[in-house]
Every structure is written in structure tokens, then in C-alpha cells.
Protein chains: 2
Amino acid sequence: MGSKRGAVGPPGSCAHMEHFLETCLLVLVEEAPGHGYSLMDRLADFGFPPDSFNIGTLYRTLRRLEKAGLVTSDWEEGGQGPRRRVYTITDQGRESLSLWIEVIKGNRRRIDRLLARYSALHGKEGLEG
Amino acid sequence: MGSKRGAVGPPGSCAHMEHFLETCLLVLVEEAPGHGYSLMDRLADFGFPPDSFNIGTLYRTLRRLEKAGLVTSDWEEGGQGPRRRVYTITDQGRESLSLWIEVIKGNRRRIDRLLARYSALHGKEGLEG
DNA sequence: CTGCACTATATGCCCACCGCATATATGCTA
DNA sequence: TAGCATATATGCGGTGGGCATATAGTGCAG
């Protein structure tokens with residue numbers, strides 16, 4: 001690891017599941033463009049508890065994705081509230097997304113093996129947990 | 001999140017899969033006590049590429065776990081090489097482990113949903129990846 | 001016995017990134 | 001005009017990882 005990583009984040013930690021939030025956001029934005037506040041809600045679809053992480057983190061993550069060229073943003077015109085920055089995925093974003101999806105599949109394999117080992121130790125059949 | 005986290009790491013990020021390496025190490029050490037260098041090899045069982053992460057990270061992580069009281073360490077006597085610090089899990093370690101396992105099960109659910117959504121977008125049936 | 005490779009542990013430096021708190025701005029309502 | 005909900009953004013402090021480097025014991029080649 002540490003090579004093909006898809007633009008965001010120079011060094012790359014393998015110990016942590018890197019780019020998970022980024023990947024979720026790219027999938028959501030690919031499904032339909034949206035602004036930060038609404039993406040926050042749509043993340044609930046993935047099983048994130050409502051206040052699971054900080055809204056500030058989300059905005060900073062989106063800005064980082066934009067800086068890396070994986071999404072673009074435009075100010076939504078004519079809304080009747082505060083202005084909204086609407087994010088759209090780019091081709092480069094789709095490329096990084098497909099890379100990160102592969103990484104995450106590998107992570108899932110590791111998780112499965114870990115849970116299997118733990119179950120083997122503790123005699124639980126909790127793999128469906 | 002941010003409440004029940006099991007001793008290591010005060011604030012707690014939910015966006016990233018926290019404590020994954022720690023959890024792997026606790027499972028390995030619970031299976032059988034071992035020293036850092038050997039745990040490095042045994043991590044390969046979980047699908048970590050051999051040089052997947054830095055050995056320094058592993059040692060620091062083990063020291064952190066010990067500082068938090070989740071493992072203890074003893075210098076192995078009488079070996080014929082450099083001295084080895086052998087780690088053993090504690091009761092508190094087993095407690096944290098069971099908490100983290102639950103967190104990881106939640107992470108796996110999120111990963112499954114993410115991969116499903118991605119597959120739905122791209123018409124792949126790649127959930128077995 | 002000197003130098004080198006292998007095993008093994010440890011740490012300093014830098015930086016990514018997260019949570020918390022806070023700041024700012026807009027529009028609606030009382 | 002004050003308060004509230006929506007919406008975006010940032011400074012601060014801290015965790016933790018990657019990389020490079022230091023240290024140390026052991027065996028072996030020359």
C-alpha cells in the first residue's frame with residue numbers, strides 16, 4: 001500500500017480504513033449532486049448515527065475533495081435560505097472512487113477474517129451481528 | 001459515538017474505522033501472547049500485505065495498548081537473540097476488545113451498504129469482491 | 001576481531017485528519 | 001429586533017500514522 005491512492009492524502013495509513021467517509025460522499029454525490037447539509041442526512045443511509053461525526057469534518061472533507069479535483073462545487077442560485085454549495089462529482093472523482101472501492105473491499109475481507117477469528121475464540125456465531 | 005470507547009484514545013473519530021489495528025492485535029494476543037515482530041507476521045492472517053504498515057507504528061500501538069492497561073508485557077528470558085517484549089492481554093483488554101468488535105460489526109454493515117450502493121450505480125455484482 | 005546482516009525494539013519529526021467550539025450569513029417568525 | 005433554523009467555514013488542540021533513524025544482541029564471513 002502507499003502507492004495507487006487516488007489523489008487525496010499523500011502518505012496513506014493502512015492501519016486505519018482510509019477514505020471511507022470520502023468514498024461514501026463520492027457515492028452520494030455520484031447518485032445525485034447535493035450540498036453539505038443534505039449529504040449529512042443522506043449519510044444516514046449508510047448506517048451512520050445522525051450525530052455520528054462532526055458537521056465541520058464533513059465540510060472540510062468536501063473542500064478537500066474539491067481541492068483534489070474529485071468534485072466541483074457551485075453556489076446554488078435563487079434558494080430561499082442561506083446559500084448552498086452544491087457538489088458534483090468529476091471524472092477524476094469517479095476514477096478515485098473506483099480505486100477506493102477496491103481498497104474498501106479489501107478492508108471488508110480483513111474485517112470478516114477478524115470477526116471470524118474473534119468468534120472462533122469466543123464461541124459466538126455473531127457474524128451476522 | 002464518542003461515548004463508550006474502551007480506554008484508548010480520548011476523542012474518537014467515527015469517520016474512520018478506529019481501533020482496527022488495535023483490535024487485530026488484541027485478538028492475536030488473546031489467541032496467544034507474542035512479541036511485536038512476530039505479531040507483525042501474524043497480522044498477515046488478516047489479509048494485511050506483508051509491508052502493509054510501518055513496524056514502528058506497530059510498536060507504538062502496542063506500547064499505547066499497554067499504557068492503557070489493555071495488555072501487559074514481559075521481557076522474554078533466555079532467548080538467543082535480541083530481547084523480546086512479550087505481550088499478554090488483560091481483563092480490561094478483553095473488555096475493550098468486545099466493545100471494539102461491536103463497533104467493527106457496525107463498520108462492516110456500513111461497508112456492505114456502501115458497496116451495495118456503488119454496485120447499484122455501476123451494475124456490478126461485485127459484492128464478493 | 002572487525003565488519004556486516006538479521007532480528008528486535010524504540011523514538012523524533014512531520015503531517016493528515018478529527019472533534020469541539022466558534023464565527024458568519026441568510027431568511028422566517030414572533 | 002430578537003430569536004431560531006439552515007448552511008458554510010475555520011482556529012485550536014490532540015491522536016495517530018509514515019518515514020527515517022537509533023540502539024542492541026547474535027551469528028557469520030573474511
Side-chain angles (χ1 to χ4, degrees), chain A residues 1-3 5-25 34-43 48-49 51-68 71 73-87, chain B residues 1-3 5-25 34-43 48-49 51-68 71 73-87:
Chain A
M1 215 148 274
S3 49
R5 308 186 52 265
V8 164
S13 76
C14 182
H16 284 149
M17 304 281 157
E18 50 180 347
H19 300 314
F20 185 67
L21 176 58
E22 283 92 332
T23 308
C24 289
L25 288 173
H35 64 283
Y37 216 80
S38 71
L39 292 170
M40 184 77 176
D41 293 333
R42 292 165 65 194
L43 276 174
F48 283 104
D51 57 344
S52 160
F53 56 87
N54 196 272
I55 182 76
T57 297
L58 188 140
Y59 284 115
R60 263 180 287 123
T61 302
L62 288 168
R63 303 296 283 147
R64 202 191 320 138
L65 289 175
E66 182 174 27
K67 197 174 171 189
V71 298
S73 74
D74 300 284
W75 290 108
E76 189 183 54
E77 302 288 344
Q80 92 299 30
R83 47 199 197 148
R84 297 170 163 182
R85 189 188 282 276
V86 175
Y87 289 93
Chain B
M1 215 146 273
S3 50
R5 305 185 53 265
V8 164
S13 74
C14 182
H16 283 145
M17 304 284 157
E18 52 178 345
H19 300 313
F20 185 66
L21 177 57
E22 284 92 331
T23 307
C24 290
L25 288 175
H35 64 284
Y37 216 78
S38 72
L39 291 169
M40 185 77 178
D41 292 333
R42 292 164 67 194
L43 276 173
F48 284 104
D51 58 344
S52 163
F53 55 86
N54 196 273
I55 182 74
T57 297
L58 188 140
Y59 283 114
R60 261 182 288 122
T61 303
L62 286 169
R63 305 296 284 144
R64 204 192 318 137
L65 288 175
E66 182 174 26
K67 197 174 170 187
V71 298
S73 73
D74 298 283
W75 289 108
E76 190 183 54
E77 302 290 342
Q80 91 297 31
R83 50 203 192 144
R84 297 169 162 181
R85 190 189 282 276
V86 175
Y87 290 92

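First the proteins, then the strands, lettered A, B, ... as listed; each starts at 1. What's counted below: heavy atoms across the whole structure, side chains too, no hydrogens, waters or symmetry copies.
In this structure, CZ of B:R42 is placed 13 Å from P of C:dA8, rounded to the nearest angstrom. Regarding A:Y37, its OH atom lies at a distance of 14 Å from the C1' atom of C:dA25, rounded to whole Å. The interatomic distance linking A:K67 (NZ) with D:dA9 (P) rounds to 14 Å, in whole Å. Atom C1' of nucleotide C:dA25 and atom CH2 of A:W75 are separated by 10 Å, given to the nearest angstrom. Regarding A:R63, its CZ atom lies at a distance of 10 Å from the P atom of D:dT8, rounded to whole Å. In this structure, NE2 of B:H19 is placed 11 Å from C1' of D:dG16, rounded to the nearest angstrom. Atom P of nucleotide C:dG12 and atom CG of B:N54 are separated by 15 Å, given to the nearest angstrom. Going from atom CD1 of B:I55 over to atom C1' of C:dC6 covers 13 Å, rounded to whole Å.
Contact detail for A:G34 and A:L39: the closest heavy-atom pair is O-CD1, 4.0 Å. Shown here for B:L58 and B:G36, the closest heavy-atom pair between the two residues is CD2-O, 3.5 Å. Nearest heavy-atom pair, B:Y37 versus B:I55, reported as atom, atom and distance to 0.1 Å: CD1-CD1, 4.4 Å. Contact detail for B:S73 and B:E66: the closest heavy-atom pair is OG-OE2, 2.7 Å. Residues A:L62 and A:V71 come closest through the heavy atom pair O-CG2, 4.1 Å.
For B:R64 against D:dG17, no side-chain N or O and base N or O form a donor-acceptor pair under 3.5 Å. The base of C:dG19 lies close enough to the side chain of A:R60 for a donor and an acceptor atom to sit less than 3.5 Å apart.
At the phosphate of C:dA10, neither OP1 nor OP2 sits under 4.0 Å from any side-chain N or O atom of B:Y59. Distances shorter than 4.0 Å separate none of the side-chain N or O atoms of A:R83 from OP1 or OP2 on D:dT6.
The listed nucleotides are D:dT8, C:dG19, C:dT9; the one nearest the side chain of A:T57 is C:dG19. Closest to the side chain of A:Q80, from the set C:dG19, C:dT9, C:dC28, is C:dC28.
Each of B:P82 and B:Y87 lies near DNA chain C, and the nucleotide nearest B:P82 is the one positioned closer to the 5' end. Taking for each of B:G81 and A:G56 the nucleotide of DNA chain D with the nearest heavy atom, the 5'-most of the two is the partner of A:G56.
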